[in-house]
Amino acid sequence: MSSSLATALLDSLPRLLPAAPSDVATGIVTALAEALERGDLGLDLQSEPPQEGALEALMECGWLVQADALEQSPEAPMVLDGSWLRWRRWHEQLQSCLEQLVNLGLTPVQPPASSAQLSAAQRQAEQAGLDAHQCDAVRALLERRLVLLTGGPGTGKTSTVVQMLAAALRQNPELRIQLSAPTGKASARLAEAVQAGSRSLEAKLSDALQQVPSGTLHRLLEAQGDSRFRRNRRQPLDLDLLVVDELSMVDLPLMSALLEAMPPQGQLLLVGDQHQLPPVGPGAVLEELCRPERLRALDKASVELRTTYRNDGAIAALAAQLRQGESGLDTTWLRKLEPGANVTWLESARQRLPEALLERLKQHQQRLKELAGSLNWSAEEPNPKQAEALLRQLEALIALSPIRQGAWGVEAIHRALLGDQIQRPLQHWPIGTPVLNRQNRPEQGLANGDIGVVVRQGAEPRVLLPGNRVLHPAQLSGAEPAFALTVHKAQGSQYGSVLLLLPPLRHQDPRLLYTGLTRAQQDLLLITPSTESQRSDST
């Protein structure tokens, strides 16, 4: 069935352009619309081949043009770029964005570092314990206006970033550095990691990095709604070096806005893991940058870290398996898990939530309730140590699912834990309930995705947030419970234990499993449908 977007396009395009064969137009337009709705800018025709003769028919009627002949067909709404078929608007924006990024990667820093400075930076990086690839990244930041740093969990991306920033500050102590990420959680984690890593540096550098500000990209760009920003070419960002972590979550419109707001001599350090889920919005910038032809163009401005320094046991082994190109979950490997491994595999009937999952969540719910109930207040503020312990407990456990609805969806989990209270306004939720903010609220210092917890100040309900901030529930309209999150929503966060549900999906994506399991720091409970459950679904 065609989506509403496809229906609208099929209605309007024939009135603007010569008619195309109806079966061809319907198939291609519907497929492109569905791709856009799931965040893809186009179709990879190698994996989704069109019907025979479809492309030729679209070219004959003027609906399609080759990427190297755009000027010859200025009205064609579709572009064929190698094996990729895209809407023209998105193709042109994508090419412009990628060209800017590659050009920045080829542009030298001004003033350039001397040979002596580069040699000194290399020595200091080696003395700090960095490997050859990490040292290459340090050197690249002293030479290029853009550096792309990629790698999986445990490969030392953050420790490399700390040494890169230290090298830049040694060369220019007045350098204005800004840390950022797509979500508040991810930007806070980046700031904490940089502060922790900087403690091993000389006092002056450590003090400087302790003071580096961090925030979401939307807040940095002074977002007005979802797609308009106060910061732009006329009012650029006040910084010299911008670090963007969790680049896999950055979509094309946001990256285009960021490039528009960069100061003339500003540097970009882009950090991410290309094996994680692409952004919810259209255009996976990191995925596009990591295509072989772009990596070749970036040359030494792109550094991939491959050595794993943190031993995360079976979690790391499963993540490595997925990074190496496995198509999905290897149940044979899971059956060989040894007792005591930090990955536990559970097969369960998918018509209801597994008791093992609910039992652990109810224990977590009870612990949050106890900590929230024992919170002491002084004037208008909760006891800082007690508040910190409560917020730490929020990150001790999370349930993740790729879906919101259905028997294994996020909503079903919250109904099981909260019952009818889930239908009531936030101020009536039980104390200890995690709260997910769903809107960007710069006036309150809140970003979409921030998580707090329901507490009581006397008899009054409040929401406690990181930084010992306390808000009235009315300030969080549209908030949702957060005992469970979609895998997309959890991206950029870390939790002690993760309970990951993997129901059958129409479009199976190994990145869902990879992103979900790499949220876990200590242990993972992986839940998949039992064989009997899958058989009953198919009959």
Side-chain angles (χ1 to χ4, degrees), residues 39 94 97-98 100-102 104-105 133-134 136-137 140-141 144 146-162 164-165 178-191 193-194 197 214-218 220 241-259 262 267-292 294-295 297-298 301-308 310 319-320 322-323 449 487-494 509-512 514-519:
L94 176 64
C97 179
L98 294 173
Q100 290 180 69
L101 290 169
V102 170
L104 279 175
H133 291 298
Q134 293 171 311
D136 288 343
L141 191 67
R144 309 290 186 98
L146 175 140
V147 178
L148 174 64
L149 180 67
T150 61
T155 55
K157 292 193 297 293
T158 304
S159 57
T160 305
V161 168
V162 170
M164 294 170 81
L165 298 182
Q178 170 75 44
L179 306 177
S180 67
T183 67
K185 198 75 170 176
S187 68
R189 275 204 314 115
L190 175 62
V194 168
S214 185
T216 66
L217 286 168
H218 278 84
L220 181 67
L241 170 58
L242 174 62
V243 181
V244 181
D245 197 13
E246 298 291 349
L247 187 64
S248 61
M249 301 173 68
V250 177
D251 62 25
L252 178 58
L254 183 56
M255 178 55 74
S256 297
L258 177 59
L259 289 172
M262 283 296 291
Q267 277 185 282
L268 268 176
L269 171 52
L270 306 177
V271 186
D273 181 351
Q274 67 266 41
H275 298 284
Q276 287 193 34
L277 279 170
V280 176
V285 173
L286 178 57
E287 185 178 312
E288 293 288 345
L289 279 175
C290 288
R291 297 193 188 282
R294 303 247 163 66
L295 293 177
L298 284 167
S302 172
V303 179
E304 181 183 3
L305 305 181
R306 299 185 179 93
T307 304
T308 301
R310 190 176 67 222
L322 293 167
R323 282 201 307 275
V487 178
H488 262 111
K489 271 293 177 188
Q491 205 167 349
S493 300
Q494 292 283 299
D509 189 340
R511 294 173 295 186
L512 269 171
Y514 179 86
T515 302
L517 75 91
T518 54
R519 301 311 93 203

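Bear in mind the structure is a predicted one, so any value in this text is a computation, not a measurement. Any value given below was found using the heavy atoms of this structure, including those in side chains, with hydrogens, waters and symmetry copies removed.
Note that CD of Gln267 and CG of Leu141 are 5.0 Å apart. Values are rounded to the nearest 0.5 Å. From Glu246, atom CD reaches atom CG of Leu217 across 11.0 Å, with rounding to the nearest 0.5 Å. To the nearest 0.5 Å, atom SG of residue Cys97 and atom CG of residue Leu259 are 5.0 Å apart.
In plain terms, the two heavy atoms of Met249 and Pro279 that are nearest each other are O-CB, 3.2 Å. Scanning all heavy atoms of the two residues, the minimum distance from Gly105 to Arg144 falls at O-NH1, 2.7 Å. Heavy atoms only, all atoms of each residue included: Arg189 and Gly492 are closest at NE-O, 3.0 Å. Taking each heavy atom of Val162 and Ala193 in turn, the nearest pair found is CG2-O, 4.4 Å. Listed here is the closest heavy atom pair of Ala297 and Val102: CB-CG1, 3.8 Å. Here the closest non-hydrogen pair linking Leu179 and Ala191 is CD1-CA, 4.0 Å.
Thr216 pairs by the side-chain contact (heavy atoms from CB on, under 4.5 Å) definition with Ser187, His218, Arg219, Ala447, not counting sequence neighbours. Ala319 is linked by a side-chain contact (heavy atoms from CB on, under 4.5 Å) to Arg323, Tyr514, Leu517, Thr518, counting only residues two or more places apart in sequence or in another chain. Applying the side-chain contact (heavy atoms from CB on, under 4.5 Å) criterion to Arg306, with sequence neighbours excluded, gives His133, Glu304. Partners of Glu288 according to the side-chain hydrogen bond (donor to acceptor under 3.5 Å, both in side chains) rule, which considers only residues two or more places apart in sequence or in another chain, are Arg291, Arg294.
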Task: side chain to side chain contact (heavy atoms under 4.5 Å, CB included) evaluation trace for Val243 with Val194 - done: CA-CA 11 Å; Val243 181; Val194 168; over 6 Å; no

TODO: Check the pair Gln491 / Ser248 against side-chain hydrogen bond (donor to acceptor under 3.5 Å, both in side chains), numbers first and verdict last.
DONE: CA-CA 9 Å; Gln491 205 167 349; Ser248 61; 3.1 Å; yes

Check: residues 250-258 side-chain donor-acceptor pairs under 3.5 Å, at least two apart:
unit_1 : atom_1 : unit_2 : atom_2 : d
Asp251 : OD1    : Leu254 : N      : 2.9
Ser256 : OG     : Gln93  : NE2    : 3.2
Ser256 : OG     : Leu252 : O      : 3.0

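Using a distance-only test at 3.5 Å, with no hydrogens or angles considered, no donor-acceptor pair links the side chain of Ser302 to the main chain of Leu149.
Residue Leu148 is tested with Leu289, Val303, Leu269, Val271 for a side-chain contact (heavy atoms from CB on, under 4.5 Å); the sole match is Leu289.
The list of side chain to side chain donor-acceptor pair (under 3.5 Å) pairs with a residue in residues 152-161, not counting sequence neighbours, reads Gln134-Thr160.
When side chains are defined from C-beta on, Arg511 counts as touching Glu287, because their heavy atoms get closer than 4.5 Å. Leu286 has its side chain out of reach of Leu270: every pair of non-hydrogen atoms, C-beta onward, lies at least 4.5 Å apart. Between Leu104 and Met262, the closest side-chain pair of non-hydrogen atoms is not below 4.5 Å.
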